[in-house]
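Working notes for the structure below.
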Amino acid sequence: MARRLTTSANRWSVAVVGSGPAAFYAADHLLRHDADVHVDIFEQLPLPFGLVRYGVAPDHQDVKNVTERFAQIAAEPRCGFFGNVCVGDAAGAGASSNLLPLPELRRAYSAVVLACGAGADRELGVPGEALRGVRAAREFVNWYNGHPDAVSHDFGLADCEAAAVVGMGNVAIDCARVLLCGVDALRKTDVPEYALAALAESKVRRVTLLGRRGPLQAAFTIKELRELSKLEGVAMALRAPADAFSPAVIESAKGDRARRRIVELMQKLHVPDAADGSDGGAADDGGRRVDVRFLRSPVGFAPSAAGGDALGAVELQRMRLVGEPSVAQRVEADGDAPVEALGCGLALRSVGYRSEAVAGAPFDDQRAVVPNEHGRVSGEEALYVSGWLKRGPSGVILTNVNDAAETAAALLADRAAGLLGGGGGGGEAIAPLLAAQPAPVVDFGGWLKVDAEERARGAKLGKVREKVTDVDEMLRVACG
Ligand code: NAP
């Protein structure tokens with residue numbers, strides 16, 4: 001395994017923990033703005049790119065192409081990559097058996113940037129959430145993206161006609177699209193063969209997206225909604241009260257161009273609720289369809305009538321908006337309305353990802369972020385944070401360019417002000433610790449071998465790539 005070590009007297013070293021967009025953009029900023037810095041990227045999985053590899057939808061390969069830019073950054077001689085190394089403690093180690101405590105890393109490097117993203121998800125905290133069939137959207141996303149932890153998930157697609165997705169963000173739309181687009185639309189992508197086989201058997205033909213607030217407050221973006229509305233062979237209805245697009249709502253969206261355009265699109269797709277506030281018993285013609293249902297909040301999940309722990313329905317409280325129309329407008333339960341049961345065999349909870357604490361670093365459990373000021377971790381020296389772990393789980397890949405630049409600029413300013421101390425040797429100091437790890441450590445050359453192997457396997461199947469989804473196999477290919 002080739003390692004680039006920090007040797008020159010002027011050289012100083014920064015460790016970046018994580019290898020998704022927040023990590024690579026931080027590394028990029030540091031490397032471009034300081035000719036003496038050496039940046040080492042540590043990733044707990046053997047392979048790089050985090051949410052780009054395991055979060056971006058497979059039919060959005062153009063978005064995944066950002067990895068080409070990341071590969072250029074990693075190819076820079078002053079950038080090292082150490083895959084299959086979990087920084088933290090055993091509790092957060094996941095698939096990796098190599099552990100590097102954060103204090104060791106901080107001793108070895110002048111500064112450490114935490115950019116580990118959000119590896120968990122938020123729960124609803126309502127009864128029945130543990131029923132089989134109630135799953136995190138993150139699990140489904142990981143599954144169709146070939147994440148090693150998700151390969152064996154079974155979503156019961158072969159026995160399920162109706163699915164619900166709780167949440168109105170882009171992840172919810174990604175899940176609805178993958179559930180309904182038909183397997184042929186995914187065959188040439190990087191969806192692994194095991195997931196294609198399960199999707200081919202899927203009986204899901206009705207997906208309902210559930211939003212607790214109204215259309216004006218939807219979190220998804222116009223490109224994603226339009227794409228869902230244009231899915232071939234899939235009918236879409238956007239169900240909301242008749243006054244959901246009142247002049248006051250339209251007026252409030254006017255100042256924000258993106259919001260105005262998405263409201264206009266939603267208006268075109270709008271199917272007003274019946275006078276009693278119900279959806280009037282939406283007709284079922286047996287075809288595939290997606291209902292985007294606003295002002296419904298899950299209050300529980302009920303088991304199927306067949307008994308056991310299978311999901312039968314999501315129980316919904318009707319909500320009403322209070323106050324003047326705005327994106328921040330709140331809702332309250334419409335107390336008079338009866339709880340509605342929406343029959344479904346699968347419910348994906350898509351209410352946001354959640355970051356996890358890194359052992360040895362402070363963590364705000366309430367907000368699930370590392371407390372910081374402009375990327376400087378509060379109360380700590382030479383410790384920084386970037387991306388979702390810094391600001392919470394929102395924003396697209398490019399949001400991380402500015403976010404990471406802010407963190408990297410703070411780090412460089414602290415270095416210029418003499419606040420970082422010497423640093424303990426960077427790669428040279430960490431090398432013996434890595435050599436003592438029980439499992440192989442993967443460098444970027446190792447990833448390039450896996451990349452080539454995946455593309456070759458994919459070419460045989462007529463697809464972009466067939467991912468290696470097993471950690472041991474990743475290590476065999478990368479280190480072989
Ligand atoms: P998100 O955009 O924050 O959406 C979360 C949704 O969950 C919101 O509609 C929110 O409603 C709802 N929610 C939260 N708590 C709830 C509760 N207790 N009950 C019911 N609903 C609840 O999160 P995301 O979809 O996970 O996406 C994360 C980020 O990744 C976003 O910035 C997204 O744009 C980005 N992303 C982008 C793409 C793309 O560009 N194609 C694809 C995937 C993800 P409230 O507003 O009422 O809280």
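When reading the values below, keep in mind they use all heavy atoms of this one structure, side chains included, and skip hydrogens, waters and symmetry mates.
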[X] and [Y] ion-paired at < 4.0 Å:
X: Glu380; Y: Arg106; result: yes
X: Arg69; Y: Asp28; result: yes
X: Arg53; Y: Asp190; result: no

Discussion item. Ring centres under 6.0 Å, that's the criterion: do Phe81 and Trp447 meet it?
Written reply: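 Centroid separation for Phe81 and Trp447: 6.0 Å or greater.
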Worksheet item: Parallel, tilted or perpendicular for Tyr353 and Trp388, by the 30°/60° rule?
Response: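 Correct class here is perpendicular.
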Worksheet item: Which of these passes side-chain contact (heavy atoms from CB on, under 4.5 Å) with Cys181: Leu228, Leu231, Val234?
Response: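 So the option named by the test is Leu231.
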Worksheet item: With respect to Pro148, which candidate in Leu47, Asn142, Thr469, Leu45 satisfies the side-chain contact (heavy atoms from CB on, under 4.5 Å) definition?
Response: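 The side-chain contact (heavy atoms from CB on, under 4.5 Å) with Pro148 is passed solely by Leu45 among Leu47, Asn142, Thr469, Leu45.
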Fill in: Euclidean distance, Arg132 CZ relative to Leu311 CG, rounded to 0.5 Å
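So the gap between those two atoms works out to 9.5 Å.
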Item to complete: Working to the nearest 0.5 Å, report the span between OG of Ser110 and NE2 of His38.
Response: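 One finds 11.5 Å between OG of Ser110 and NE2 of His38.
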Worksheet item: Hey, does the Lys NZ or Arg CZ of Arg135 hover above the aromatic six-ring of Phe155, less than 6.0 Å from the centre and inside 45° of the axis?
Response: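 Judged by the rule, Arg135 and Phe155 form a cation-pi pair.
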Worksheet item: Can you find a heavy atom in the side chain of Glu129 that is under 4.5 Å from one in the side chain of Phe301?
Response: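 Side-chain contact under 4.5 Å: yes.
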Worksheet item: Given side chains that start at C-beta, do those of Pro215 and Phe245 come closer than 4.5 Å, heavy atoms only?
Response: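 Pro215 reaches Phe245 side chain to side chain.
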Item to complete: Applying salt bridge (charged side-chain N to carboxylate O under 4.0 Å, His left out), name anything that partners Arg261, two or more places apart in sequence or on another chain.
Response: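 Not a single residue meets the salt bridge (charged side-chain N to carboxylate O under 4.0 Å, His left out) criterion with Arg261.
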If you measure only the distance, is there a donor-acceptor pair under 3.5 Å linking the side chains of [X] and [Y]?
X: Thr189; Y: Gln61; value: no
X: Asn145; Y: Lys64; value: yes
X: Asp403; Y: Tyr25; value: no
X: Ser13; Y: Asp40; value: no
X: Asp62; Y: His60; value: no
X: Thr221; Y: Glu224; value: yes

Worksheet item: Given the rule in the salt bridge (Lys or Arg N to Asp or Glu O under 4.0 Å) test, do Arg177 and Asp59 qualify, once you have shown the distances and angles that lead to the verdict?
Response: CA-CA 9 Å; Arg177 200 174 63 251; Asp59 50 350; 2.7 Å; yes
